[in-house]
Structure formats: C-alpha cells, structure tokens
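All remarks here apply to the structure that follows.
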Amino acid sequence: MLETFLFFVFAVLSVVGALGMLISRSPVAAALWMVQVMLAIACLYLTLNAAFIGVVQVLVYAGAIMVLFLFVIMLLNLEDMPSVGGIDWRKVVAGVLGVAVLAQLLALVVVRFGAIPDAPSAEEAVAATDVPYLGVALLTEHAFTLQIVGVLLLAATIGAVVLAKKRFV
Amino acid sequence: MPELLVSIWEAVDLPLAIFLVINLLLVTASLLVYAERVVSAFIQERSGPNRVGPRGILQPFADVFKLIFKEDIVPTAGNGFVHSLAPVLMVVIAMSTVAVIPFAGTAEAGPVVIADVSVGLLLILAMTSISVYGITLAGWSSNSKYSLLGGLRSSAQMISYELAMGAAALSVVLYAGSLSIFDIVESQNHLGSFFGWNIFRNPVGFVVFAVCALAETNRAPFDLPEAEQELVGGYHTEYSGMKFGMFFLAEYVNLWIASMVTATLFLGGYLLPGQSLLVEWFGLGGLLLTALQMVALVAKTAFFAFCFIWIRWTLPRFKYDQLMTLGWKYLLPISIANIFVIALIVTAYVLLGGDPPSPFSL
C-alpha cells in the first residue's frame, strides 16, 4: 500500500521535473530539474522492488552523467534564454491533438496485439533484479549483445579522443 | 497493555536509532574538529586550543556559537535558492551514508544496522557520487569566479577518483560475492578474523581505496577545490554564518564516514581482532559481544580519521596536473589490474573447491 502511494508520489515528481526542465529558461536550472527526474525515476525503481537498478540509476545518471552536463554548462557560462513572449495557442492545440492521436495509436497497438505483458509478482521481480542473476544473464544469454555494446562504447571513446586531438586551425 | 507497549516500541525504535546516530555524528564531528586542531598543533609544535574549557575541549562549541550569531549573507547577483540548498545537500548526503553501515552483528543474529540494503556498497558509491552536487552548486550559485573555479575543480576531481574507488570496491565484492555491507564484513571473519581482513587479502585495493577516499572528501593533499592561495576559500568563499558552518560540519562528517567505510571494507568493520577464536574459547556472545564490536568499529574508524588528519598536516597540496595524472594514469589502471588478479585468485579457489580465499590460507 505504502509502495503504491510512494510510486505515484515519485511519478508526479518525475513528471514535474520533466516539465520544469522544458519550461525553465536558465540552462543550469534545466539541468537541475533533469537531476530531479533522474532521482525520481530511481525512486520509482525502488518502489518496484528493483533496488539494484534504482541505485545504479543514481550512480550512473544522477552521479556521473548529470554532473558532467552541469560541469560543461557551468564552464560555457551560458546566458539565460529569452523568456517566452506570448503563448501561441495554435501550437498548444496542435500539441494536444498530436498527443491525442499518439494515444489512440498506442491504445490500438495494445488492444490489437496485446503488447503489455503480465506484471511479474513481487518475488519474480526481486529475483530478476538480483545481482548474481543479472550477471549470469548478461554473460551467458546476452553475451553477444554485451560484446556489441562494448565495441560501440569503445568506438565512441576512440571517436571522442580523435575529436579532442584534432587541431582546429 | 504489554502488546500496546510492544507495538509502540516497534513504531519508534527505528526513528529513535536514527535520531541517536545523527546526534552521535554531530558530536563526533565536533570532536574531530578538536582532534584536528590538537593534532595539527602537535605536528607544528604549537600549543593549539587551550583557552575554552579544560585543555580547550570546548573550542568546537565556541566556534559553532560564533557561526550561529554571524550574519548570513547571500550574494545579490547569485541564485538565492540554490545558494541555500547547497549546504543542506552536503550535510544530508554526508549523514545518510551511515545508514547502511552495520555497527555490530553476527552471522546467526544478523546485523545491527539502520537499513540492511542488499546493494549497500553501491548505495555508498551512489551517495558519494551525488555529494559532488553540493560543492558544484555552491560554487555556481555564489556568482563568484573563485567559487565557480572551486566547484568545477571539485566535480572534475570527484568524477576522476570515483572510477578508481568503484574499481577498488569491486575487488572487495569479488571476495565477498555480495554487495551487502554485512556480507562483506562477515566474509572477512575467518582465519582468526584477523588475517582474513581485506587489508591482508587485498592490500593494493586498500591503498587505492584509501587514496580515493581522501580525494573524495576533498581533504589535503587533494584540497584543490578550496586552495586558499589561488581561490580565496574555494567553493565556500561567499558563505558566512551557519551555512558555512554546515560545509564545515559536512567536511568532518564526510571524513568520519570515509574512515568508517574504509574500516568496514578493508579492516573487518565491526569484527573484533580474533573474534572467531574469542567466541570459540570463551563463549563470547550476546550484548557484551555487540558492545565490544561497536567499540572495535569506532576504534578502527578513529584510527583512520587520525591517519587522514596526519596526512593533511604532513603532505603539501597536489598540483592540478599531478592530481589528474595520479587518478587516471596510476590509480585507475592499478585498480583494474587488481580486480583481474583478485578475480584469478577467487576463480582458482573456486576451482580447487576451497572456501575462504586468502593468501594466508595457502
């Protein structure tokens, strides 16, 4: 009961954070809203019994990636974006209609193909995010995918080094 | 009636424990401030604090009263909300890490801990990695170039040393086979629970972890974020009054927690030296064992805290390039190689059917 309640609290917090990131005019404030989104999502994982994924979400996204974002934004010393003058109601209507069409399409996909799987029980969820289970699954069942991801990350790293070494004259 | 009392006790025992631990941490921080002054005075052959109370023991409290009564100044050109948020973040994050560290425990009775989390070690690393926000935001919201440079240095430094720290922690996980802090401590409870401690099984990991812990707490010789000579006060230049006091508090709580984590991961945590033998020969157990274990944990932590203070007043500060060279070119490759070696040792033991992997049991 408490977990369901907390789930919705953090769901609201993450949506509020996402809206704040979109609306705020200062880049640093936008990054801070983004941090709130990351932390709220981590708490969502925790309420869903996925402690490992929740903590890794904090460690990787909130702790490393967003710190780098903030670091770069502060180094660049960006000006605030000009505040929005008036609201263009035609764009608002267009956005609402777009979301409505998307919702219809998704509902159709779900109804037609039954795309939502049955929710696993709490015990199954805990077992599936157990660290040894994840490790074994990654190194046996998904070993090939893991290798591909590794090569991809290596390529990105090498690309970054090449770009950094390049002399821009 | 007893049922009611029991249910009341069950409702308040955890909040009570948390209240107690937080207040003990506050007292510890003031004791550490005093210890730092006394040790630095001893190293520099000065008298040190000797005016407030017997042997100056009340000096930290005098400092806190002075800070409370000072005016709190918020830079007008800065961001007031973030300026107030940053010191709170620092203190809250520093204090919450202690929740996952077991203060005592046995394999039969389970741990004495506030939150027995299955991924406790990762939680500690995550807390460490988000504590950089406090310093970075303090630097940015002050709208001062010295503060900003201090904040930027701090985030670069903490990101760099986090990797080596995580890799060193991983080598501990390999021995324990679990991310739970309690399991990690209990995995060191063999070979008379002294030679099984990770400092003997994994000396390289210990050195790397201790250096990284020093860097993560931003203490000398890694105190570039607050280098007085070039940055005035670094990230807290624009802070005054109790907000500055909160940074001060967070620094000492972080020092204590870093010592406690190092002691837990590498020095057997709450384990008494020779605990398994004491239990076997004298039938030690129950409340006496728990109390002795708490004393052992505090003693180990105090030892590391003393070492950190000693290092601060002995070594000069690194230059920025030396900092980056040490972090990326030495500590990170060493800790990755260490993981590889430890993984080989553990694999060899598993293949040979042996249980406790330790070089002393060969």
Side-chain angles (χ1 to χ4, degrees), chain A residues 2 20 24-36 38-43 45-46 49-80 125-136 139 157 161, chain B residues 78-79 81-82 85-86 89 93 96 100 115-143 145 147-160 162-163 165-166 169-170 173-174 176-180 183 216 235:
Chain A
L2 181 67
S24 68
R25 310 311 288 170
S26 144
V28 174
L32 290 181
W33 282 115
M34 184 93 175
V35 174
Q36 181 187 324
M38 298 301 181
L39 292 178
I41 290 178
C43 295
Y45 288 132
L46 291 184
N49 288 321
F52 177 71
I53 297 180
V55 175
V56 167
Q57 165 89 11
V58 175
L59 192 62
V60 174
Y61 286 97
I65 294 183
M66 286 317 296
V67 172
L68 278 178
F69 269 48
L70 215 57
F71 184 78
V72 172
I73 290 173
M74 287 178 183
L75 263 189
L76 295 178
N77 198 14
L78 298 172
E79 296 286 314
D80 283 7
V126 171
T129 57
D130 194 32
V131 181
Y133 176 85
L134 276 179
V136 169
L139 290 177
T157 314
V161 171
Chain B
N79 186 325
F81 175 71
V82 179
L85 178 71
L89 271 182
I93 294 172
S96 32
V100 295
D116 187 17
V117 186
S118 62
V119 288
L121 184 60
L122 277 181
L123 200 66
I124 290 179
L125 291 177
M127 285 293 180
T128 318
S129 72
I130 57 173
S131 71
V132 66
Y133 281 116
I135 295 180
T136 314
L137 291 179
W140 173 74
S141 64
S142 301
N143 199 21
K145 55 183 172 241
S147 302
L148 182 66
L149 280 174
L152 288 178
R153 278 187 183 185
S154 157
S155 49
Q157 176 179 323
M158 291 180 91
I159 291 174
S160 306
E162 232 169 67
L163 294 168
M165 190 180 193
L170 210 59
V173 174
L174 283 177
S178 166
L179 288 169
S180 151
D183 290 348
E216 294 281 333
Y235 59 89

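In what follows, chains carry the letters A, B, and so on, assigned in the order in which the sequence lines appear, proteins first and then strands, with residues in each chain numbered from 1.
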A/Tyr61 side, atom OH; B/Ser129 side, atom OG - distance, nearest 0.5 Å
14.0 Å
Value rounded to 0.5 Å, distance of CG in A/Leu59 from CD1 in B/Ile124
12.0 Å
Could you tell me which portion of A/Val56 (side chain, backbone, both or neither) has an atom closer than 4.5 angstrom to a non-hydrogen atom of chain B?
side chain
What part of B/Leu152 is in contact with chain A, defined as an atom under 4.5 angstrom from a non-hydrogen atom: side chain, backbone, both or neither?
both
Heavy-atom distance under 4.5 Å between the side chains of B/Ile130 and A/Val35, does that happen here?
no
Please classify the contact between B/Val82 and chain A as side chain, backbone, both or neither, with a heavy-atom cut-off of under 4.5 Å.
side chain
Name the member of A/Leu68, A/Val58, A/Val67 that forms the most heavy-atom pairs with chain B at distances under 4.5 Å.
A/Val67
Where does B/Leu179 contact chain A at under 4.5 Å (heavy atoms): side chain, backbone, both or neither?
side chain
Determine whether more than 12 heavy atoms belonging to other residues, nucleotides or ligands lie under 6.0 Å from atom OH of A/Tyr45.
no
Just so I understand: if I count every heavy-atom pair under 4.5 Å between each of B/Gly166, B/Ala126, B/Gly139 and chain A, which residue has the most?
B/Ala126
Check for a donor-acceptor pair, side chain of B/Tyr133 on one end and backbone N or O of A/Leu32 on the other, with a separation under 3.5 Å.
no
Give, as side chain, backbone, both or neither, the part of B/Ile159 having an atom under 4.5 angstrom from any heavy atom of chain A.
side chain
Do you know which of B/Thr128, B/Leu137, B/Val117 has the most heavy-atom pairs under 4.5 Å to chain A?
B/Leu137
